[in-house]
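Pasting in a structure now, in structure tokens, and then I'll have a few things to ask.
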Amino acid sequence: MNHPASPQKIDLFDIAIDNVTMAEAISRIDQLVLERRNAYVVTPNVDHVVKLQNDALFKKIYDNAALVVADGMPLVWASRLLGKPLKERVTGADLFPRVCALSAQKGYAVFLLGANKGVAAQAAHLLRQTYPGLNICGTYSPSYGFEKNEAENAVILAMLASARPDILFVGVGAPKQEKWIYHYRSRYTIPVALGVGASFDFIAGTVQRAPAWMQTLGFEWFYRFLMEPRRLFKRYFIDGAHYFGLTLGEWRKSRR
């Protein structure tokens, strides 16, 4: 079988981002499933970029990812400003249902790990209705702080071993989801894992996603801030200011 060539990389903020469209990202994930090598996908946004500056483990996880797609419009804008434009934004929230559509078409089994109690199961129910034939081989909503609970993680790993998914979606927020995938990837045999943040909540309807026009204009972050101002103020304003400084620094380097 002929596989598509590895995508071009764009270096931004010391992150090698794959310069792909949504369709190309889906094709690459399809290829990773067929390669069956415990790969994982990361989706950088402003929050990730800022965290990566001071988190060596998170940076190592990024450096070893099989696919890195730009989740945030500010990354796309920065790429254009710096003269190395990314083709488009590929968000985890958009990638999640599209990979489910691929899985229904190809017969891949998927597992949903994350969100609050009952949310993953509700998302699975709605996804099966949307994509007939989709094989969701299991769901599990872990307890708060589960990443430090070895007994609960043993249960999760046993569930994954029994379910044998082709694709694992982990929706517990960054960098927790990426660190969990990286830490446990040698203890499960799953071709591809993706950290998808609040995607289960979006599908289940427990969290409202921004209107399409706000997503298109790059203001989805502001909509989310309005929904949870106290929790998200630091991420979008303090970290956002840090990101602006990083972008300015990249621009100055490019001018030299």
Do Leu57 and Lys179 have side chains that get closer than 4.5 Å, going by heavy atoms? yes

Please report the closest heavy-atom contact between Pro191 and Pro165, naming both atoms and the distance. CD-O, 3.8 Å

Determine whether a donor-acceptor pair (N or O, by modelled atom type, separation under 3.5 Å) exists between the side chain of Thr247 and the backbone of Tyr243. yes

Can you see which heavy atom on Ile26 is nearest to which on Arg98, and at what distance? CD1-CB, 3.7 Å

Which residues share a salt bridge (Lys or Arg N to Asp or Glu O under 4.0 Å) with Arg185, sequence neighbours left out: none

Counterpart residues, salt bridge (Lys or Arg N to Asp or Glu O under 4.0 Å), relative to Arg164 (two or more places apart): none

Is the shortest side-chain heavy-atom distance between Arg36 and Asp166 below 4.5 Å? yes

Would you please say whether a donor-acceptor pair under 3.5 Å links the side chains of Thr206 and Asp201? yes

Residues in salt bridge (Lys or Arg N to Asp or Glu O under 4.0 Å) with Arg80, at least two apart? none

Given side chains that start at C-beta, do those of Ile15 and Val68 come closer than 4.5 Å, heavy atoms only? yes

Would you say Val42 ends up clustered with Ile190 if hydrophobic residues are merged whenever their side chains have heavy atoms under 4.5 Å apart, either directly or through other cluster members? yes

Closest heavy-atom pair and its distance - Thr21, Lys87: CG2-CD, 3.8 Å

Arg28 with Asp18: basic N within carboxylate O range, under 4.0 Å: no

Measure the OG1-CG distance between Thr43 and Leu75 for me, rounded to the nearest 0.5 Å. 10.5 Å

Pairwise distance NZ(Lys84) to CD(Glu250) - rounded to 0.5 angstrom: 6.0 Å

Determine whether a donor-acceptor pair (N or O, by modelled atom type, separation under 3.5 Å) exists between the side chain of Gln177 and the backbone of Gly173. yes

Check against side chain to side chain contact (heavy atoms under 4.5 Å, CB included), Ile61 and Asn64: CA-CA 5 Å; Ile61 292 167; Asn64 287 280; over 6 Å; no

Search all heavy atoms of Cys100 against all heavy atoms of Leu127 and return the closest pair with its distance. SG-CD1, 4.0 Å

Donor-acceptor check, side chain of Asn38 to backbone of Tyr188, threshold 3.5 angstrom: yes or no? yes

Could you go through the salt bridge (Lys or Arg N to Asp or Glu O under 4.0 Å) check for Glu220 and Arg209 one step at a time? CA-CA 8 Å; Glu220 186 168 10; Arg209 198 174 177 195; 2.6 Å; yes

Once rounded to the nearest 0.5 Å, what's the spacing between atom CD1 of Ile10 and atom CG of Asn19? 4.5 Å

Check whether any side-chain heavy atom of Tyr131 sits under 4.5 Å from a side-chain heavy atom of Pro97, and report yes or no. yes

Could Asp55 and Lys60 be called an ion pair, given the rule that one side-chain N must be under 4.0 Å from one carboxylate O? no

Under 3.5 Å, is there a donor-acceptor pair between the side chain of Gln53 and the main chain of Val49? yes

Sidechain-backbone polar pair: Ser79 side chain, Leu86 backbone, donor-acceptor under 3.5 Å: yes

Could you walk me through whether Leu52 and Phe13 pass side chain to side chain contact (heavy atoms under 4.5 Å, CB included), step by step? CA-CA 9 Å; Leu52 284 163; Phe13 310 108; over 6 Å; no

Only counting residues at least two apart or in another chain, list the ones meeting side chain to side chain donor-acceptor pair (under 3.5 Å) with Tyr184. Glu150, Asn153

Would you say Leu194 and Leu168 make side-chain contact, with heavy atoms under 4.5 Å? no

About how many Å separate CD of Glu147 and CD1 of Ile156, when rounded to the nearest 0.5 Å? 10.0 Å

Show me the pairs that pass salt bridge (charged side-chain N to carboxylate O under 4.0 Å, His left out) and involve residues 102-126, at least two apart or across chains. Asp30-Lys106

Report yes or no: do Leu102 and Val41 belong to one cluster of Ile/Leu/Val/Met/Phe/Trp/Tyr joined by side chain heavy-atom distances under 4.5 Å? yes

What I'd like to find out is whether the side chain of Leu95 reaches to under 4.5 Å of the side chain of Val196, using heavy atoms alone. no

Determine, for Arg89 against Asp94, whether the closest basic-nitrogen to carboxylate-oxygen distance falls under 4.0 angstrom. no

Cluster link Leu67 to Tyr108, ILVMFWY, side chain under 4.5 Å: yes

Candidate pair Ile136 and Arg128, rule side chain to side chain contact (heavy atoms under 4.5 Å, CB included), full reasoning: CA-CA 8 Å; Ile136 299 179; Arg128 289 189 184 104; 3.4 Å; yes

Are Phe111 and Leu160 side-chain neighbours, meaning at least one heavy-atom pair lies under 4.5 Å? yes

For residues Ile203 and Ser199, determine if any side-chain heavy atom of one lies less than 4.5 Å from a side-chain heavy atom of the other. no

Donor-acceptor under 3.5 Å (Lys59 side chain, Asp14 main chain): yes

Check for me, please, whether Tyr40 and Ile17 land in the same ILVMFWY cluster - side-chain distances under 4.5 Å, paths through other members count. yes

Asn149, CG atom: more than 12 neighbouring heavy atoms under 6.0 Å: yes

Provide the closest heavy-atom pair for Ala39 versus Ala66 in the form atom of the first, atom of the second, distance. CB-CB, 3.6 Å

Using every non-hydrogen atom in the two residues, find where Ser103 and Val110 come nearest and quote the distance to one decimal. OG-CG1, 3.4 Å

Are Val119 and Phe202 linked, directly or through intermediate hydrophobic residues, by side-chain heavy-atom contacts shorter than 4.5 Å (ILVMFWY only)? no

With the threshold set at 4.0 Å, does a side-chain nitrogen-carboxylate oxygen contact exist between Glu178 and Lys51? no

Decide whether Tyr140 and Glu152 meet the rule of one side-chain donor and one side-chain acceptor closer than 3.5 Å. yes

Show, in sequence, the C-alpha distance, side-chain angles and deciding distance for His48 and Tyr62, and conclude whether the side chain to side chain contact (heavy atoms under 4.5 Å, CB included) test is met. CA-CA 10 Å; His48 290 213; Tyr62 258 74; 2.6 Å; yes

Quick one: list whatever passes ring-ring contact (aromatic ring centres under 6.0 Å, His included) with Phe169, sequence neighbours left out. Phe96

